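Note that this is a predicted model, so its numbers are computed, not measured. Within every chain, numbering begins at 1; the chains are lettered A, B, ... in the order of the sequence lines, protein sequences first and strands thereafter.
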Amino acid sequence: MSEAASVARLPGFRDFPPEALADRERIFEAWRRVSRRYGFVEYDGPPLESLDLYIRKSGEEIVGQLYEFTDKGDRQVALRPEMTPSLARILAERSRALPKPIRWFSIPQLFRYERQQRGRLREHFQWNVDVVGEADTGADAEVLAVGLDGLRALGLGAEDIVARVSDRLLLTALLEAEDVPPGSHPAVFQVIDKLDRGGAEGAGARLRDDAGMAASAADRLLDLIQEGSVERVRSMYGDRPVVAGRLEAMTAYLSDLDALGLGDFVQFDLGIVRGLAYYTGIVFEIFDRERSLRAICGGGRYDRLLELVGGEPLPAVGFGMGDVVLAELLEEKGLRREYRASIDAFVIAASPKEHHLALEVAAALRARGHDVSYALRSHTVRKQFKMAASAGAVAAIVLGPREVEEGMVGVRDMRSGEERSVALADLRAGRGLADG
RNA sequence: GUGGGCGUAGCUCAGGUGGUUAGAGCGCCAGGUUGUGGCCCUGGAGGUCGCCGGUUCAAGUCCGGUCGCUCACCCCA
């Protein structure tokens, strides 16, 4: 152990032995299946990017936690902390040639250098889904629908999770209505973001002190965040054209989601802000209803990012959903699937004489697409049956001298224990196994 | 980066006030005769008690440090 300690896993990184990989793959499969169901195609990019890609694009927060270093060619590089900048770069090069809207998804492994804690490691896999080239809220709704359906595919329902949606432009318009100068908006966002993590006390004071808001305005804002509804915002600020316009967008967005059958999963909530600097419209986060975990998913509209990276000015909306928090939620909800090894058949040679025949039978079955195993050296039949059981074999094919002489083999159903005699020729031809 | 909790076999854990060869269950390996698994029985391997140092005649047990895990803060993919 002490010897091993010097070459131990790096903190915040995971190994994936078969059981863990099975959990991961199950999640990935759900993500891919749902992405394709909505007509999205998969892409990927390099895990290592130029540091420059993240500076100024993602905001200070993320840059401070980059896994970065100088490579042997004296280049400043960073392991990707998020996928969106890479996507923006990729599209900057080829978006002009692509039919819009572009529907792409990816499952990159992302990295960040920070102390790990529950739901946050230094590495994770994140499902990214983006629609690029469509400014209408229809795209916003589509993206959130994909995310929610991905979670549904894993067994989570509206009683388990909720998407809280907000709009940065709406929030900004409300601040303007309250005469909060643009320079103070980030400070207000900061306070709102913190509200969600139990920082309700002192929020009013911070809005006044840090953001310079009038006491009455601060109270109105906090009240709206806690008891907000589209109707309430409209009744208070609906006479402002910008507010009215954003409320119209929000209404269209929510009704799209409703039409998609996801109304129960969605909740208007001005308390959602999102940390990344590049969001420019509707933003959302998906949480577990019990709020015992951090956000499972976060995303929103980022209409200016592509041109920031030198591409064609295209509107875009997308989200990222990490595998770590999601796996914790699935575990909590009892939705994790137990890992079980499984093969179609295990070929047993009753005596060493049948060993080569066992290999031939296995080869024939494998050629037909079956998953087949057998003992790598001579063992007692008893032992081989145990091996078959622990390999998760659906069937055990017993090759015994007596039967083989008559061209027959025994095929035993490992679950029921029933054994029947099958002609060797039939087995080789793909007949005789349950699903053959 | 800051603070709290924890660190004994692969896993889950026992090991009053320091005292001979550190234990259990599960798992793993090998057997339980002549060709049949899942139960059961027998045997076995596996731990420098995270690491380093200190106190002591004697430390898994006390003290300090360190690393790791974990929770919270910071912050947030």
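No hydrogens or angles were tested; on distance alone, a donor-acceptor pair under 3.5 Å links the side chain of A:R120 to the base of B:C75. Donor-acceptor pairing under 3.5 Å, judged by distance alone, is absent between the side chain of A:R415 and the base of B:G38. For A:R382 and B:G35, a side-chain-to-base donor-acceptor distance below 3.5 Å is absent, hydrogens and geometry of angles not being considered. Side-chain atoms of A:E403 and base atoms of B:G35 include a donor and an acceptor less than 3.5 Å apart.
Comparing B:G53 with B:G31, their C1' atoms are spaced 47 Å from each other, to the whole Å. Between B:U42 and B:U12, the distance separating the two P atoms is 27 Å to the nearest Å. To the nearest whole angstrom, the two C1' atoms, one in B:U17 and one in B:C62, are 12 Å apart. If you take atom P in B:C28 and the same atom in B:G64, they sit 42 Å apart, rounded to whole Å. Separating the P atom of B:G50 from that of B:G16 is a span of 15 Å, rounded to the nearest Å. Distance noted for atom C1' between B:U55 and B:A14: 27 Å (whole Å). Between B:C52 and B:G44, the distance separating the two C1' atoms is 34 Å to the nearest Å. Distance noted for atom P between B:C49 and B:G32: 37 Å (whole Å).
For the residue pair A:S421 and A:E403, no side-chain donor N or O sits within less than 3.5 Å of a side-chain acceptor on the partner. Remark: the A:W127 side chain and the A:S106 side chain contain no N/O donor-acceptor pair separated by less than 3.5 Å. A side-chain donor from one of A:D149 and A:Y38 sits under 3.5 Å from a side-chain acceptor of the other.
No engagement by A:G322 is indicated, since no non-hydrogen atom pair under 4.0 Å with the nucleic acid exists. Among the protein residues, A:G12 comes within range of the sugar-phosphate backbone only, with heavy atoms under 4.0 Å from sugar or phosphate atoms but none that close to a base. Within 4.0 Å of A:L10, counting heavy atoms only, lies no atom of the nucleic acid at all. At the heavy-atom level, A:G410 lies nowhere under 4.0 Å from the strands shown.
Toward the 5' end of RNA chain B, the nearer of the two residues A:K386 and A:F13, judged by each one's closest nucleotide, is A:K386. Comparing A:T380 and A:S416 by the nucleotide of RNA chain B that holds the closest heavy atom to each, the one mapping nearer the 5' end is A:T380.
If you take NZ of A:K383 and P of B:G32, they are 11 Å apart, rounded to a whole angstrom. Counting to the nearest Å, the P atom of B:C75 and the CZ atom of A:R274 are 16 Å from each other. Between the P atom of B:C76 and the CD atom of A:Q126 lies a distance of 16 Å, rounded to the nearest Å. For A:Q116 and B:C71, the CD to C1' distance is 12 Å, given to the nearest whole Å. For A:L293 and B:A72, the CG to P distance is 10 Å, given to the nearest whole Å. Across the protein-nucleic acid pair, A:Q384 atom CD and B:G31 atom P stand 12 Å apart, rounded to whole Å. For A:M414 and B:G38, the CE to C1' distance is 8 Å, given to the nearest whole Å. Summarising the geometry, the separation between CD on A:E123 and C1' on B:A77 is reported as 12 Å, rounded to the nearest angstrom.
Of the candidates B:A77, B:U36, B:G31, B:U36 carries the atom nearest the A:V398 side chain, counting heavy atoms from C-beta on. Ranking B:C76, B:G38, B:A77 by closeness to the A:R412 side chain, first place goes to B:G38. You'll find that the side chain of A:V381 is closest to B:U36, out of B:G68, B:U36, B:C76. Closest approach to the A:R377 side chain among B:U36, B:G68, B:A30 is made by B:A30 (side chain taken as heavy atoms from C-beta onward). Ranking B:C76, B:A77, B:G3 by closeness to the A:R115 side chain, first place goes to B:G3.
In this structure, A:K353 places its NZ atom where only 12 or fewer heavy-atom neighbours from other residues, nucleotides or ligands lie under 6.0 Å away. With a 6.0 Å radius and a threshold of 12 heavy atoms from other residues, nucleotides or ligands, A:R33 has its CZ atom above the threshold.
From A:R24, atom CZ reaches atom CG of A:D323 across 8.0 Å, with rounding to the nearest 0.5 Å.
A salt bridge (charged side-chain N to carboxylate O under 4.0 Å, His left out) with A:E49 holds for exactly one of A:R89, A:R75, A:R80; it is A:R89.
Of the possible donor and acceptor atoms, one in the side chain of A:T380 sits under 3.5 Å from a partner among the backbone N and O of A:K383.
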Intra- and inter-strand pairs of RNA chain B in dot-bracket (Watson-Crick or G-U wobble, both distances under 3.5 Å; | for another strand): (((((((..((((.....[...)))).(((((.......))))).....(((((..]....))))))))))))....
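With sequence neighbours left out, A:F265 forms a ring-ring contact (aromatic ring centres under 6.0 Å, His included) with no residue at all.
Using a 30° and 60° split on the angle between ring planes, A:F28 and A:W31 fall in the parallel class, below 30°.
At B:G1, none of the side-chain N or O atoms of A:Q65 fall inside 4.0 Å of OP1 or OP2 (strictly under the cut-off).
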